[in-house]
2 protein chains.
Amino acid sequence: MADGPTINTIAERAGVSIASVSRVLNGLPTRQETVRKVMAAADELGYVRNAVARSLKSRRTHQVAFAMADVGNPAYLAMLRQIQPVLKAAGYRLVLHSTDAVVADEIDVLHSLGERYVDGLIMSPLRVTEAHLEMLAAARAPVVIIGSVPDGTRVDNVRADSRTGVRLAVDHLYALGRRRIAMVNGPLDTVPGASRGEAYREALRDLGVPYDENLVQIGDFYRAEGGRAVAELLARVPDVDALLCANDLIALGALDVLRAAGRRVPDDVAVVGMDDTDLAAASWPALTSVSLGSAERGKAAAELLLERLQGGDREPRLVTVPPRLVIRASTAGESAESADERERA
Amino acid sequence: MADGPTINTIAERAGVSIASVSRVLNGLPTRQETVRKVMAAADELGYVRNAVARSLKSRRTHQVAFAMADVGNPAYLAMLRQIQPVLKAAGYRLVLHSTDAVVADEIDVLHSLGERYVDGLIMSPLRVTEAHLEMLAAARAPVVIIGSVPDGTRVDNVRADSRTGVRLAVDHLYALGRRRIAMVNGPLDTVPGASRGEAYREALRDLGVPYDENLVQIGDFYRAEGGRAVAELLARVPDVDALLCANDLIALGALDVLRAAGRRVPDDVAVVGMDDTDLAAASWPALTSVSLGSAERGKAAAELLLERLQGGDREPRLVTVPPRLVIRASTAGESAESADERERA
DNA sequence: TTGTATGCGTTATCAG
DNA sequence: CTGATAACGCATACAA
């Protein structure tokens with residue numbers, strides 16, 4: 001692992017100046033003979049340009065960071081899957097940050113933008129605090145936020161529409177004739193928990209269905225917790241005929257418990273998840289789920305950032321990704337088997 | 001987004017030399033008064049050190065790359081989940097590469113190591129060609145390979161033991177009394193396809209079960225393809241009583257088709273997957289799967305690389321991660337319901 | 001066309 | 001303890 005060759009090494013070997021070497025390496029007009037000598041020397045030495053020195057000079061790193069709360073969360077991974085190829089195609093490397101849902105870590109990432117080790121940042125914050133907004137205003141590189149920021153914040157922004165998403169689910173269940181539609185939510189002090197809970201209430205109101213707080217059960221965004229929440233709910237409200245779960249994991253827990261309790265899905269109880277992760281299609285019965293467009297949001301964010309990196313200044317943009325209800329066997333009127341057939345096709 | 005302040009800016013403002021600024025910023029012994037002035041100036045200016053310049057000087061980027069075939073593959077994501085926190089804790093950033101299963105792209109990543117934008121690399125190659133080995137031998141930074149390399153290759157190496165893994169599965173099925181154990185595999189020209197297929201044959205031989213090529217079906221490593229393969233298999237060998245699937249996706253496809261065909265799982269046909277991805281626990285019936293230790297391999301690789309980065313020279317190391325059979329309802333003798341209960345606990 | 005010299009922002013050596 | 005100054009590897013304005 002000896003020290004690698006530099007343009008100096010090449011210059012010596014080829015008997016030319018480093019300026020000529022640089023010119024040849026960058027394809028600038030040069031005499032054929034010089035080109036030949038330089039290329040030969042570079043080849044023999046196994047020269048590879050030093051990206052760091054290049055960045056220092058050019059002030060561009062060709063790196064972009066993606067900061068998310070948790071590498072383990074399938075919704076973020078869906079974003080990652082879309083972001084990666086877009087950046088790669090444009091010649092950017094992707095630097096990954098997992099902030100472990102710690103706000104201080106997010107601020108840290110924003111701060112580290114000043115270190116200039118990346119040209120831009122895509123961030124999906126757990127919540128948006130005052131500190132976030134201050135850092136954003138002072139950011140020394142372009143940032144795209146996935147998630148809602150206050151109106152007027154001067155940042156490119158990609159959001160989901162969870163309000164409409166919840167409405168799609170509730171309307172669907174209502175259309176199937178369900179009238180005892182429960183919501184199994186995560187903690188209300190999280191952004192998704194709060195907004196989805198509120199949207200549920202609104203959707204019911206618009207349908208003229210009275211709000212019954214007995215039908216709301218708070219747990220956490222994991223399978224086992226979701227299962228426990230559903231068990232409690234069933235004990236309290238035995239006549240529930242539909243469950244709107246705040247994410248797919250909760251919904252899987254719901255399926256577990258319903259099965260154990262001998263309730264048929266969807267005949268006795270229909271179940272809807274949210275996020276439409278891979279798990280939804282894998283479960284049995286396959287899970288109807290509200291896609292909040294994780295993948296689309298990731299793609300849009302990457303594209304916005306690239307435009308900003310290449311295009312220069314323009315007004316901040318807001319992209320809202322519409323939700324989509326993906327109907328599968330857990331709510332379908334038809335038999336589970338045929339629904340599954342369709343899904344696989 | 002004006003140009004950020006540098007140590008020069010600070011030096012002017014504080015009325016000292018850039019050398020003093022650097023010393024203060026790095027905590028080297030300095031007079032109190034100087035420290036105060038520099039810190040004050042730095043604070044007012046909102047100074048953040050430039051990581052690129054630092055790297056150029058120190059020859060360390062504090063970045064590590066992870067190159068995998070496909071960001072979409074849950075097995076790689078399991079590695080990623082373990083690698084990320086280990087690197088983060090050690091102060092390294094993670095640069096992600098997805099090579100899209102293109103060998104040329106992998107070589108490219110290896111080549112780009114010479115650009116020195118990272119201090120080291122963890123790579124999980126699809127296959128290991130001569131070109132790989134040449135590049136590895138000439139690599140200008142430490143590399144850890146996840147996956148088997150030829151004996152004698154001077155690289156830190158973390159491997160799974162798919163041979164034993166397959167054996168665990170076959171023995172398990174045999175112990176359950178199954179004698180018509182089929183293998184649903186992916187393409188044989190892939191590394192996993194080849195090794196798993198071979199291991200299946202060996203495991204049967206050691207059990208004294210005659211090898212029946214009718215029981216081997218080749219498809220691809222995806223759900224729909226797996227389903228199709230199983231359908232063909234069922235048509236050809238109706239009396240099959242167990243399926244060993246080369247990954248979890250194939251196994252999910254198998255469950256689909258078996259259900260559609262009215263075969264009960266596990267009563268009529270037992271099903272085993274491989275990789276033990278999240279999907280295995282999500283499916284119904286929950287899928288027995290052979291964990292090849294994706295998570296453990298990722299963790300081990302990250303630790304090996306860190307040791308190498310911090311520790312300096314030592315002989316290349318080989319870590320082999322043992323497989324583990326995770327028994328769930330798709331093979332369990334007990335009722336599916338009770339097995340599911342246990343799984344959730 | 002080519003070479004010399006300078007700067008990108010830091011760190012580190014060496015006199016003072 | 002502090003200040004000039006020389007690298008780190010590359011790109012480029014300017015002079016030859």
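The chains referred to below are lettered A, B, ... by the order of the sequence lines, with proteins before strands, and numbering in each begins at 1. Reckoned from all heavy atoms, side chains included, excluding hydrogens, waters and symmetry mates.
Base contact: B/Arg23 has a heavy atom under 4.0 Å from a base atom. Across all strands, A/Ser22 comes closer than 4.0 Å to base atoms (heavy-atom distances). As judged by a 4.0 angstrom heavy-atom cut-off over every strand, A/Asn8 is placed among residues making no nucleic acid contact.
Distance from the side chain of A/Ala19 is smallest to C/dT4 among C/dT10, D/dC10, C/dT4. The side chain of A/Lys57 approaches C/dC8 more closely than any other nucleotide in the set D/dA4, D/dC8, C/dC8. Distances were taken from every side-chain heavy atom of B/Ile18 (C-beta onward) to each of D/dC10, D/dA7, D/dT5; the shortest belongs to D/dT5. Distance from the side chain of B/Arg59 is smallest to D/dC8 among C/dG9, D/dC8, D/dT5. Distance from the side chain of B/Arg54 is smallest to C/dT11 among C/dC8, D/dG3, C/dT11. You'll find that the side chain of B/Val16 is closest to D/dG3, out of D/dG3, C/dG3, C/dG9.
Summarising the geometry, the separation between CD1 on B/Ile10 and C1' on C/dT10 is reported as 12 Å, rounded to the nearest angstrom. One atom, CG of A/Asn50, and another, P of C/dG9, lie 17 Å apart when rounded to the nearest Å. The CZ-C1' distance, from B/Arg31 to D/dG3, rounds to 13 Å in whole Å. In this structure, B/Ile7 places its CD1 atom 13 Å from C1' of D/dG3, rounding to the nearest Å.
Between A/Asn73 and A/Met68 there is no side-chain heavy-atom pair separated by less than 4.5 Å. Between B/Ile107 and B/His132 the shortest side-chain heavy-atom distance falls below 4.5 Å.
Judged purely by distance below 3.5 Å, without hydrogens or angles, the side chains of A/Tyr117 and A/Ser112 pair a donor atom with an acceptor atom.
The shortest distance between the side-chain N/O atoms of A/Tyr47 and the OP1/OP2 oxygens of D/dC10 is below 4.0 Å. Contact between the side-chain N/O atoms of B/Ser17 and the OP1/OP2 oxygens of D/dA4 is not found at any separation under 4.0 Å. For B/Thr6, no side-chain nitrogen or oxygen approaches OP1 or OP2 of C/dG9 to under 4.0 Å. Distances shorter than 4.0 Å separate some side-chain N or O of B/Thr34 from OP1 or OP2 on D/dT2.
Looking at B/Asp156 and B/Arg314, a side-chain N of the basic residue comes within less than 4.0 Å of a carboxylate O on the acidic one, giving a salt bridge. Salt-bridge annotation for B/Glu33 and B/Arg36: present, with a side-chain N of the basic residue lying under 4.0 Å from a carboxylate O of the acidic one.
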